[in-house]
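Notes follow the structure.
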Amino acid sequence: MRTSRFGKSLATLTAATAVAIGASLITAPTASAVGGSACTKNVKNHNMMVINVGATAYSGPGTSYSKRKRLEWFDNVYVRCYTVKRGTQWYYGDLPRTSKRGWVNATLLQEI
């Protein structure tokens, strides 16, 4: 059975496209750091206190992002802005005892 040049070219193009798409899906990260770019509302810069043992700051607004820092009870976070993701409010700010910034679930913080 003979295959035309067009048929071979089409098969090659289809295979190459499938490989390229598959490679991009494999290398795509699930969640990367977003920093303050995810903020939807700036707030008057103020300190908030951690009110929950085992609180964690993340690189983005959600637990699917990488962990940035474990926070201790009564730590102060200097809040700069916030956003709401899937019904949960997340604050973004300066983390204690480090030069890093991160995202903390609002239910773990209290205004002081």
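Residue indices begin at 1 and follow the sequence shown.
Not counting sequence neighbours, Arg86 has no partner by the salt bridge (Lys or Arg N to Asp or Glu O under 4.0 Å) test. Under the rule for a side chain to side chain donor-acceptor pair (under 3.5 Å), the partners of Arg101 that lie at least two apart in sequence or sit in another chain are Asp94.
Contact detail for Val50 and Trp73: the closest heavy-atom pair is O-CD1, 3.3 Å. Closest approach of Val104 and Ala57 over heavy atoms only: CG2-CB, 3.9 Å. Minimum interatomic distance between Ser59 and Arg68 (heavy atoms only, all atoms of both residues): CB-NH2, 3.6 Å. Closest heavy-atom contact between Leu71 and Pro96: CD2-CD, 3.7 Å.
Put simply, the side chain of Tyr91 does not reach to within 4.5 Å of the side chain of Val77, judged on heavy atoms. The shortest side-chain heavy-atom distance between Trp90 and Asn105 falls under the 4.5 Å cut-off. Counting only heavy atoms from C-beta outward, the side chains of Glu111 and Val79 never approach each other to under 4.5 Å.
Remark: the backbone N or O of Tyr82 is paired with a side-chain donor or acceptor of Thr40 at under 3.5 angstrom.
Expressed to the nearest 0.5 Å, how far NZ of Lys100 lies from CG of Leu95 amounts to 8.5 Å. Taking CG of Leu108 as the start and CD of Gln110 as the end, the distance is 12.0 Å to the nearest 0.5 Å. The distance from the CG atom of Leu109 to the CG atom of Asn47 is 10.5 Å, given to the nearest 0.5 Å. Atom CE of residue Met48 and atom OH of residue Tyr78 lie 13.0 Å apart, to the nearest 0.5 angstrom.
Between Tyr92 and Trp103, the angle of the ring planes lies from 30° to 60°, which puts this pair in the tilted group.
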